Amino acid sequence: MWAELAKKTGYFDAVIPLDRKKFMLHPFYRFSKMKEVIALKWHRVIYHSFSHEFGVGLSIIRLVRAHEIIAGPSDNGIDNEFWRNIVKRKINYTPYIDPHQIHELKKNAAFIRTLGAEKFTDAIPELKFLSAPLSMHLPQNYYVIFPGASSPMRKWSEPNFAELCNYIYEKTKLTGIVCGGKGEVKIADNIIAQSKAQLMSVAGKTNLQDLLTILEKSTLTVTNETSCVHMAAAVNVPVICLLGGGHFGRFLPYPHYENRRIPISVYYKMECFNCNWNCKYKPTKFQATPCIENISLKLVIQSVNK
């Protein structure tokens, strides 16, 4: 899905789609993609990730034919001597990036400056130009909830979302649009079944360009910490993020930027923040971490009222 959006930006001459999960788990898919990438003779490869991993990025770099490979320093220790010995490639690491600039937007800008764009400054991306007419009919005025996440440990509960929708409907009479991928269809149905609000699910029915358009026209978006919060910020609409502590400060909360709406981060502060989602409380397979579970409905409602 990201590949199609990348093509529509017009920023790239070519885009090679890669399903990261299939690349990790399916040998034949991995072999065919490796063959596709290796067949091209690259002049320069820029490995732009601050969390290096051998399973995808470094394993490709190990075999790719290129005159030069440039990478930023990894912030998670995976590019240690052991992995560098396995990769067996000369990698030109960019100069050390200030550790106080922990937010990804600021680190991205610092990385680009090392490539020669000395005056490049960080900013929230602007993706409104990617909005396109929808094939589905939506109400004229609505808000969005995005209740899914990459892991159950990062999901605010379905009953909380249902109660939040009840509150918003009682106050505004707005319809709520429940968004998500194919894996979130059941979550969306559960919330609609538990709520008394007027809700409509488009989970599993949209691509990323559709989602950008839906977000751009929304009155408000409430989401777990997923790509949705960054997409809403990129189309400059009000967005509330239910933020856990795993990567606190790296992706959210956002720095302040003039003339842009900044996502509101709602979180329950704990002493164990920045655990890289290695939660010491060991939640069960389908349980949220305490820093997510303890985000109260009352606290979220306060941000909605703003």
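The model shown is predicted, which means the values in this text are computed figures rather than measured ones.
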H247 and N276 side chains, donor-acceptor separation under 3.5 Å: yes
Report yes or no: does D210 contribute a side-chain atom to a donor-acceptor pair with the main-chain N or O of N207 at less than 3.5 Å? yes
Any chance you could measure L212, atom CG, to S131, atom OG, to the nearest 0.5 Å? 6.0 Å
Non-hydrogen side-chain atoms of L40 and I16 separated by less than 4.5 Å: yes
Atom NZ of K41 with >12 non-hydrogen neighbours under 6.0 angstrom: no
Okay, side chain of N236, backbone of R260: is any donor-acceptor separation there less than 3.5 Å? no
Taking every heavy atom of E225 against every heavy atom of C241, the minimum-distance pair comes out as CA-SG, 3.7 Å
Shared ILVMFWY cluster between V202 and L5, side chains joined below 4.5 angstrom? yes
Without hydrogens or angle criteria, can the side chains of N92 and E68 be said to hold a donor-acceptor pair below 3.5 Å? yes
Using the salt bridge (Lys or Arg N to Asp or Glu O under 4.0 Å) rule, collect all pairs that involve residues 277-290, keeping only residues at least two apart or in two chains. E271-K280
How long is the span from the CD atom in E158 to the CD atom in Q194, to the nearest 0.5 Å? 6.0 Å
Would you mind reporting whether C165 and Y143 have side-chain heavy atoms less than 4.5 Å apart? yes
Verdict with supporting geometry, F273 and C275, side-chain contact (heavy atoms from CB on, under 4.5 Å): CA-CA 6 Å; F273 268 27; C275 66; over 6 Å; no
Polar side-chain atom of W2 near backbone of L208 as donor-acceptor pair, under 3.5 Å: no
Working to the nearest 0.5 angstrom, can you tell me the gap between L164 CG and L242 CG? 8.0 Å
Identify each donor-acceptor pair in which a side-chain atom of residues 174-187 lies under 3.5 Å from a protein atom, sequence neighbours left out, and give them as a table.
unit_1 : atom_1 : unit_2 : atom_2 : d
T175   : OG1    : Q198   : NE2    : 2.9
E184   : OE1    : G181   : N      : 2.7

Note: A234 and E126 closest approach over all heavy atoms is O-OE2, 3.4 Å
Ignoring hydrogens and geometry, is there a side-chain-to-backbone donor-acceptor pair from N224 to A149 under 3.5 Å? no
Aromatic contact between H230 and Y254, with the criterion being ring centroids under 6.0 Å apart: yes or no? yes
Between the CD atom in E216 and the NZ atom in K128, the distance rounded to the nearest 0.5 Å is 5.5 Å
To the nearest 0.5 angstrom, please state how far the CD atom of Q302 sits from the NZ atom of K306. 7.5 Å
Passes side-chain contact (heavy atoms from CB on, under 4.5 Å), C228 versus L215? Steps please. CA-CA 9 Å; C228 178; L215 292 173; 4.0 Å; yes
Decide yes or no for I60 and L18: does some side-chain heavy atom of the first lie under 4.5 Å from some side-chain heavy atom of the second? yes
CA sep, side-chain torsions, deciding dist, call: I292, M153, side-chain contact (heavy atoms from CB on, under 4.5 Å): CA-CA 8 Å; I292 294 291; M153 71 168 60; over 6 Å; no
Residue W277 excluded, over 12 heavy atoms near CH2 under 6.0 Å: yes
I'd like to know if the side chain of T94 pairs up with that of R113 as donor and acceptor (distance under 3.5 Å, no hydrogens or angles considered). no
Could you tell me whether the side chain of D122 and the main chain of N108 form a donor-acceptor pair under 3.5 Å? no
Looking at K196, I'd like to know if its NZ atom is crowded, meaning that more than 12 non-hydrogen atoms belonging to other residues, nucleotides or ligands lie closer than 6.0 Å. no
Looking at H48 versus F111, is the centre-to-centre ring distance below 6.0 Å? yes
In terms of hydrophobic clusters joined by side-chain contacts under 4.5 Å, are V235 and I264 together? no
I'd like to know if the side chain of S195 and the backbone of I192 have a donor-acceptor N/O pair within less than 3.5 Å. no
Treating W156 as the side-chain partner and I295 as the backbone partner, does any N or O pair qualify as donor plus acceptor under 3.5 Å? yes
Decide whether N294 and Y267 meet the rule of one side-chain donor and one side-chain acceptor closer than 3.5 Å. no
For N166 and A197 the tightest heavy-atom approach is OD1-N, 3.2 Å
Heavy atoms of other groups near K171 NZ, more than 12 under 6.0 Å: no
Note, T206 side chain near M136 side chain (heavy atom, < 4.5 Å): yes
Same cluster or not: are L105 and M231 linked, directly or through other Ile, Leu, Val, Met, Phe, Trp or Tyr residues, by side-chain heavy atoms under 4.5 angstrom apart? no
So with a 6.0 Å cut-off around CZ of F23, is the heavy-atom count from everything else above 12? yes
Find out if a path of hydrophobic residues (ILVMFWY) with successive side-chain heavy-atom gaps under 4.5 Å connects V239 to L130. no
Is the charged tip of K155 near the ring of F161: under 6.0 Å from the six-membered ring centre and within 45° of its axis? no
Under a 4.5 Å cut-off applied to non-hydrogen side-chain atoms, are Y169 and L199 in contact? no
H256 vs E258, test: side-chain contact (heavy atoms from CB on, under 4.5 Å). Steps then yes/no. CA-CA 7 Å; H256 177 74; E258 293 292 338; 3.6 Å; yes
Do the side chains of I112 and Y257 join up, straight or via other hydrophobic residues, at under 4.5 Å, putting them in one cluster? no
Would you say the side chain of F248 lies within less than 4.5 Å of the side chain of L243, judging by non-hydrogen atoms? yes
Can you check whether K33's main-chain N or O pairs, donor with acceptor, with E36's side chain at less than 3.5 Å? no
Which heavy atom of F12 sits nearest a heavy atom of A6, and at what distance? CD1-O, 3.5 Å
Quick one: closest heavy-atom pair of R261 and P238, and the distance? CD-N, 3.5 Å
Closest contact, heavy atoms only, C279 versus P290: SG-CD, 3.9 Å
Do Y142 side-chain atoms and I214 backbone N/O form a donor-acceptor pair below 3.5 Å? yes
Within the 4.5 Å heavy-atom criterion, are Y93 and I69 side-chain neighbours or not? no
Drop me the distance from F251's CZ to S227's OG, to the nearest 0.5 angstrom. 12.0 Å
Distance only, no hydrogens: is a donor on one side chain within 3.5 Å (strictly under) of an acceptor on the other, for R154 and T226? no
Close side-chain approach of K21 to H26, heavy-atom, < 4.5 Å: no
